[in-house]
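Here is the structure we will look at.
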There are 2 protein chains.
Amino acid sequence: MSGSVTGLPRLPPANRTRDAINVIAEYISRTGLKPNERLPTEHEVMAALGIGRSTVREVMRHFQALGVVETRRGSGSFLLKPVSAATVHVPLSFDPGPVRDGLLQTLDVRRGLEVEASMLAAVRADADDIAKMRATLEEMERVHLEKGTAGREDLAFHLSIYDATHNPLFGQIMEQMRGAFESFFEKPFDRPDFARRSFPFHRELFDAIAGRDAPLAREKTLQILAIVEEDIKDMSK
Amino acid sequence: MSGSVTGLPRLPPANRTRDAINVIAEYISRTGLKPNERLPTEHEVMAALGIGRSTVREVMRHFQALGVVETRRGSGSFLLKPVSAATVHVPLSFDPGPVRDGLLQTLDVRRGLEVEASMLAAVRADADDIAKMRATLEEMERVHLEKGTAGREDLAFHLSIYDATHNPLFGQIMEQMRGAFESFFEKPFDRPDFARRSFPFHRELFDAIAGRDAPLAREKTLQILAIVEEDIKDMSK
DNA sequence: TGATGTCTGTTGTCTGATAACTTTCAGGCG
DNA sequence: CGCCTGAAAGTTATCAGACAACAGACATCA
């Protein structure tokens, strides 16, 4: 065939935009920019890197697509998620089809992740993790008894479980999947009666994790998700 | 405060780029454009939508960041993954830290997903799915006995399991995580002796799935991944 | 035949301009 | 003093036009 010499890794044709993307990522990590903080203006970046504004805008559009940056017209660009030169970006794309199918498909994935997270939490959680889980659980129970629902606090409890795995991937995947879904179709997770029946199982799940009983933690997680599945099916007739 | 009424989701100030992104996505699905096929040139899109070229470029940059489109200077833009107006994009980003930690972190996630996929496959697989899994398994065994390793065929076998869940999310998540990692650090999955000991368990996993034995399928998947975990730990000192 | 030059179409980037929006702040008014 | 109004400055959104760099097809020549 034509000159396909092995060992020479076909380098991309000089690409200032891609370079600028890496430089910006490195800049963010070097300056320790935190989420919600503002990035330099397009003109500043332009002048600093010696590139045109359209190139700067393509860089920003890149980070926007990755959900790392949000730019507000008239205000500037703001960091949404921490990032560094070593950050790995994994864009997922899928067609959920009808809403109901999309929810059930993600539930399959969620089941896999949540079960694993619960088991790992039961094995790896330290005293601080358990204390934090207990705190979020009790806050959730309090709000639930008071208002009859506790979507936000429920989420906080599950996030504290992810944290207890000491593996940031779980929290990030679940949170970002949830975010993507909320923005695309109405959020059914805020319905007052949604998954209400799963409420008592949360304390049982916590007890299982705190008691280092991984199989039981798995069982309780499956029970919670089974209720969620039923409610999704009921909800969509 | 100023008019911050709850329940009204603050719509973004007219955004031609975002509109164009949706229009392009809709166009791709409507014309049934397949991966590897070429998109219209920037000038064509520009003229067709009546927008400026920089806007077109930002749209392309968006799809590029999402891994949906690849644009080659002098040639044009090419579709990498199927897309439609209903496609949901979930960009994940995380810092794996040291390579070894990154691999072990993804292994936690992979364990959750693979176990769930195996169990679902055991429940949902139809005759065609089982036939396909058998075919890829036997191909893998054949290549393994011949060459001592079978990375590509091993992957095909696992993908056939994902397909048997009838939930496209599993395949996409796993494939894209793998792709992101292969491009960032050297691919250890091609090492001749990597995870060799897991070889015999693959047929046992298949037998469990074909026998509709979900708990056994879970067990076999865990055995395979335990070997992978050991090998990762061995490999990195 | 095979390598080389040339032409056309396409993407990459820059420059400069205008519009639209946000934030700030000074001034007016009760 | 406190609140509202509106002008001004800063910032992003988009456009238009230009030139450079590259890929692919075709013609040319040894």
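Proteins get letters first, then strands, A, B, ... in listed order; numbering begins at 1 in each. Scope of the values below: all heavy atoms of this structure, side chains included, with no hydrogens, waters or symmetry mates.
Rounding to whole angstrom units, CD of residue A/E42 and P of D/dT12 are separated by 5 Å. Residue A/M46 contributes atom CE, which lies 16 Å from atom P of D/dG10 at whole-angstrom precision. For the pair B/E70 CD and C/dT10 C1', the computed distance is 15 Å after rounding to whole Å. Distance A/R61 CZ to D/dT12 P: 13 Å, rounded to the nearest Å. We find that CD1 of B/I51 is positioned 16 Å from P of D/dG17, with the value rounded to whole Å. Summarising the geometry, the separation between CD on B/E58 and P on C/dT13 is reported as 13 Å, rounded to the nearest angstrom. Rounded to an integer number of Å, the gap from CD1 of A/I21 to C1' of C/dG12 is 13 Å. Atom NE2 in B/H43 sits roughly 13 Å away from atom C1' in C/dT8 (whole-Å rounding).
Taking only side-chain nitrogens and oxygens, B/R73 never comes nearer than 4.0 Å to OP1 or OP2 of C/dG9. For D/dG10, the OP1/OP2 oxygens have no side-chain nitrogen or oxygen of A/S75 closer than 4.0 Å. Under 4.0 angstrom from either OP1 or OP2 of D/dT11 there lies at least one side-chain N or O belonging to A/R38. OP1 or OP2 of C/dG12 lies within a sub-4.0 Å distance of a side-chain N or O belonging to B/R57. Of the side-chain N and O atoms in A/R53, none sit less than 4.0 angstrom from OP1 or OP2 of C/dA17. Applying the 4.0 Å criterion to OP1 and OP2 of C/dT11, one finds that A/N15 has every side-chain N and O outside that range. Between B/T55 and the phosphate of D/dC15, there is a side-chain N or O to OP1/OP2 separation shorter than 4.0 Å.
Across all strands, B/G52 comes closer than 4.0 Å only to sugar-phosphate atoms, never to a base (heavy-atom distances). Residue contacts shown for A/S54 include a base, since a base heavy atom lies under 4.0 Å away.
Classification of the A/F170-A/Y162 ring pair by plane angle, with boundaries at 30° and 60°, yields parallel. Classification of the B/H62-B/H89 ring pair by plane angle, with boundaries at 30° and 60°, yields perpendicular.
When all heavy atoms of A/F63 and A/I24 are compared, the pair lying nearest together is CE1-CG2, 3.8 Å.
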Next on the checklist: Set out, in order, the CA-CA distance, both residues' side-chain angles and the distance that settles side chain to side chain contact (heavy atoms under 4.5 Å, CB included) for B/E42 and B/M46, then state yes or no.
Outcome noted: CA-CA 6 Å; B/E42 294 178 354; B/M46 184 179 126; 5.9 Å; no
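Expressed to the nearest 0.5 Å, how far OG1 of B/T71 lies from CG of B/L80 amounts to 10.5 Å.
A donor N or O paired with an acceptor N or O is not found under 3.5 Å between the base of D/dG24 and the side-chain atoms of B/R72.
In this structure, A/R111 pairs ionically with A/D108, as a charged nitrogen and a carboxylate oxygen lie closer than 4.0 Å. Checked for salt-bridge contact, B/R61 and B/E58 miss the test: no charged N lies under 4.0 Å from a carboxylate O. Classification of A/R142 and A/E138 as a salt-bridged pair fails, no side-chain N sitting under 4.0 Å from a carboxylate O.
In terms of position on DNA chain C, the residue among B/E44 and A/V56 whose nearest nucleotide sits closer to the 5' end is B/E44.
Comparing the start and finish of the helix from C/dT1-D/dA30 to C/dG30-D/dC1, five pairs each, the helix axis swings through 10°, to the nearest 10 degrees.
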